[in-house]
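Side chains are part of it too, since the values below use all heavy atoms of this structure and drop only hydrogens, waters and symmetry mates. By convention in this document, chain letters (A, B, ...) are assigned in the order of the sequence lines, proteins followed by strands, and residues within each chain are numbered from 1.
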2 protein chains.
Amino acid sequence: MTPHKEDYLKALYELGGSEHLVSNKQIADLLKIAPASVSEMLGKMSREGLIQYEPYKGSRLTQSGLQLAISLVRGHQLWEVFLIRHLGYSWSESHEDAEMLEHITPPRLAARLDRFLNYPAYCPHGNVIPKADGQVENAALEPLKDLSVGEKSKIRRVDEERELLDYLESLGIEIGSPVAVLAIAPYEGPLTLDLDGRNVQISYKAACQIYVDQIHDPDTNNTIF
Amino acid sequence: MTPHKEDYLKALYELGGSEHLVSNKQIADLLKIAPASVSEMLGKMSREGLIQYEPYKGSRLTQSGLQLAISLVRGHQLWEVFLIRHLGYSWSESHEDAEMLEHITPPRLAARLDRFLNYPAYCPHGNVIPKADGQVENAALEPLKDLSVGEKSKIRRVDEERELLDYLESLGIEIGSPVAVLAIAPYEGPLTLDLDGRNVQISYKAACQIYVDQIHDPDTNNTIF
DNA sequence: TTTAAAAATTAGGTATACCTAAAATAGGAG
DNA sequence: CTCCTATTTTAGGTATACCTAATTTTTAAA
C-alpha cells in the first residue's frame, strides 16, 4: 500500500465504488490526475485484487479494497475529532491535516485514538465514523436545497471541502443546529434561513452540500415525495 | 521535501552532522540503504542546499538542513509524548508510530500538539524536545556503563531502539529512577544495579545505551576523569 | 445507421529512489 | 612510499507514478 493507491481507494469509495461502477473520468477529476494515469493505476490495483476493473466501463471496490477504503475513512474522521476537540483546529484545517494523517494510521493507532476520544459516532462535519470492523450505518439525509419553505429540520452533515467549510464556519453553521428555510430565491439564488433563531443567507451551491434530516409525513411516517 | 529526504536529514543529525562531517557508510548503515544510493541522494540534497557535501569525505547539515532535521525530531518526540501519555503506548510502540507521524507534522500541528501536551521538555525516553524555534539544550550525561561501583546517579535517557526499549521496559527501567551500580562483571559482563531499591541485572550492551547524570567531584565541582 | 464527441487506452517519456557491479579514491600498515 | 583494503562513486538497470500525444472504443445524436 502506498499513499497514492490509498487515495485512489478513497476516491473510489467516495464516488460510490462500493455499490456501482465508477468511471475513470470521475476519479481523474477528483484526484486531479490525467485520465491516462488513472487507467494505468487502476490496472495495477485490479491485478492486486483491490478493485474489479472492466476496461472502458469502470471499476468498483472488491471486498478487500472496500475494507481498506473504510479504514482510511475511519482514520481520517477520528483524526478530525482529535484535531478539533483537543488541538483547537477549525473545520477546514482539521480536514487538511487529517488528509495526511489518515495515511499513517494503522489499525492499532486508530483503535487507541478511538478509545481516547470515547468512541465518537460522527466526525465534526457530521460524517458517520466507521467502526473498527468496517460497519457503517448511514442515516437518511437530504440536501438543504430540497427543503421547502417553512419546513423545519436539523443540520446533520456538510461536505468536506476546504472552501465550503471556511464559508460555513464564517456563517456560524454547526452540525445539529435547528434550521428552517424562510425563502428560496429563484434561478439558483440564495436561501434565507432561520438558523437557531438567527437570520442567515447562504448560496444555492452551499445548500447543495449541506444535509439535513429528511422530513417525514407525520401521518404515514413515510418519506415525502 | 519527501519522507525519504527527511530520513536522510534525521540520520545525518543523529550522527552528529550538525557539528562534523559524517561518512556515507554511517548513513547507509543507519538507513539500511546501499552506499551507492546514499551518494546519489546526498548529491541531490547538496544541490538543494540541505547539506554541505565533500565527495569522498562526508557531509554535514547546512543551517536550513539543520532546521528541518530539528523540526522532524521535535515532531517525533511530541508524538511520543502523546502516544504514551494519552493512548497507552509502550516505549517501543511509541517510537515506531512516531517514526511515521513525524513526516506529516507541519509546524502548525507541532505547535498545537505542543500546547495540548503542555510544552513537555523531554520525550518519554529522556530526549530533549527541541523548541519551535529550534533551540535545543542538552544536559551533560554519561553512559551507565561508565559509572563506578558504588556511585549513585539517576537514569536520564535511553537510546531509541525497538529491542532495547522492550528489554528495558520488561526490566522496569524508567527515566528518573535513582540507580547505583552494585557490581560490574568483567569482559563486558552484566551489571548488577540497585534500581530504586530493587536488585536488577542488565547486559553490558544495554548499559552502553542508558545514560545517567554525570557524577561530579564534590570538592571541585568539575567532571571526574 | 452513420458519425462526431467523449472517454479510455496505449505508447513513449519524465523524475524519484532504490539496486548491483565495476571503477576510482583514500588512508593506514608494512 | 607503496600497496591493500575500506569507502565512495559511477554506470546501468528496476519499479513507481506521473505526464502528453496519439489511438481506440463507446455512446449518443443526427
Side-chain angles (χ1 to χ4, degrees), chain A residues 1-17 20-62 64-65 68-69 72 99-100 102-104, chain B residues 1-17 20-62 64-65 68-69 72 99-100 102-104:
Chain A
M1 260 302 112
T2 70
H4 293 280
K5 275 181 200 149
E6 293 180 343
D7 286 338
Y8 279 85
L9 285 179
K10 240 187 85 182
L12 210 40
Y13 179 69
E14 275 157 22
L15 294 168
H20 50 77
L21 287 176
V22 173
S23 75
N24 288 15
K25 185 171 194 308
Q26 283 180 283
I27 299 172
D29 288 348
L30 187 61
L31 297 181
K32 297 178 195 350
I33 280 173
S37 311
V38 174
S39 290
E40 192 178 282
M41 180 63 106
L42 291 182
K44 208 173 299 182
M45 289 171 68
S46 174
R47 267 169 262 131
E48 289 170 11
L50 296 169
I51 62 168
Q52 231 179 300
Y53 182 36
E54 300 181 36
Y56 290 105
K57 300 285 174 171
S59 44
R60 55 185 308 173
L61 292 162
T62 60
S64 76
L68 283 168
L72 283 164
E99 203 66 33
M100 307 186 298
E102 65 186 12
H103 294 296
I104 46 156
Chain B
M1 258 303 110
T2 71
H4 293 280
K5 273 181 202 149
E6 292 180 345
D7 286 337
Y8 279 86
L9 284 178
K10 240 187 85 183
L12 210 42
Y13 179 68
E14 276 158 22
L15 293 168
H20 50 79
L21 286 176
V22 173
S23 75
N24 289 15
K25 185 169 195 308
Q26 283 180 283
I27 298 171
D29 288 347
L30 188 61
L31 297 181
K32 295 179 197 344
I33 282 173
S37 310
V38 174
S39 288
E40 193 177 285
M41 180 62 105
L42 292 182
K44 208 173 297 179
M45 290 171 68
S46 174
R47 266 170 263 131
E48 290 168 12
L50 297 169
I51 62 169
Q52 230 179 301
Y53 182 35
E54 300 181 36
Y56 290 106
K57 301 286 178 172
S59 45
R60 54 186 307 172
L61 293 161
T62 60
S64 75
L68 283 168
L72 283 164
E99 202 66 33
M100 307 185 300
E102 65 185 14
H103 294 295
I104 46 156

Heavy-atom neighbours of Glu6(B) CD exceed 12 at 6.0 Å:
yes
Protein N or O to nucleotides 6-8 of chain D N or O, pairs below 3.5 Å:
from, atom 1, to, atom 2, distance (Å)
dT8(D), OP1, Asn24(B), N, 3.2
dT8(D), OP2, Lys25(B), N, 2.7
dT8(D), O3', Tyr56(B), N, 3.3

Would you mind reporting whether Met1(A) and Leu68(A) have side-chain heavy atoms less than 4.5 Å apart?
yes
Nearest of dC18(D), dT20(C), dA21(D) to any side-chain atom of Tyr8(A)?
dC18(D)
Between Glu48(A) and Lys32(A), which has a closest nucleotide on DNA chain D that is more 5'?
Glu48(A)
Would one find a side-chain N or O of Thr2(B) under 4.0 angstrom from OP1 or OP2 of dA17(C)?
yes
As a test of reading the structure: which of dA17(D), dT9(C), dC18(D) is closest to the side chain of Ser37(A), going by heavy atoms?
dC18(D)
Closest approach of Ala69(A) and Leu9(A), non-hydrogen atoms and distance?
CB-O, 3.8 Å
Round to a whole Å and report the spacing from CD1 of Ile33(A) to P of dT14(C).
20 Å
In whole Å, what is the span from the CG atom of Asp29(A) to the P atom of dA6(C)?
14 Å
Separation between CG of Leu15(A) and CG of Leu61(A), rounded to the nearest 0.5 Å
10.0 Å
Hey, which of these two, Leu42(A) or Ala34(B), hits DNA chain C nearer its 5' end, going by closest nucleotide?
Leu42(A)
Please pick, from dT16(D), dC19(C), dC18(D), the nucleotide with the shortest atom-to-atom distance to any side-chain atom of His4(A).
dC18(D)
Verify the neighbour count for atom CD of Gln52(B): are there more than 12 heavy atoms of other residues, nucleotides or ligands below 6.0 Å?
no
With a 3.5 Å limit on both atom pairs, tell me what dA15(D) is paired to, counting Watson-Crick and G-U wobble, or say none.
dT16(C)
dA4(C): syn or anti, with syn meaning chi within 90° of zero?
anti
From the options dA21(C), dC18(C), dC18(D), select the nucleotide whose nearest atom is closest to the side chain of Glu40(A).
dC18(D)
Using the side-chain contact (heavy atoms from CB on, under 4.5 Å) criterion, which residues pair with Ala28(A)? Sequence neighbours excluded.
Pro35(A), Val38(A)
Under a 3.5 Å limit on both distances, the Watson-Crick or wobble mate of dA6(D) is none
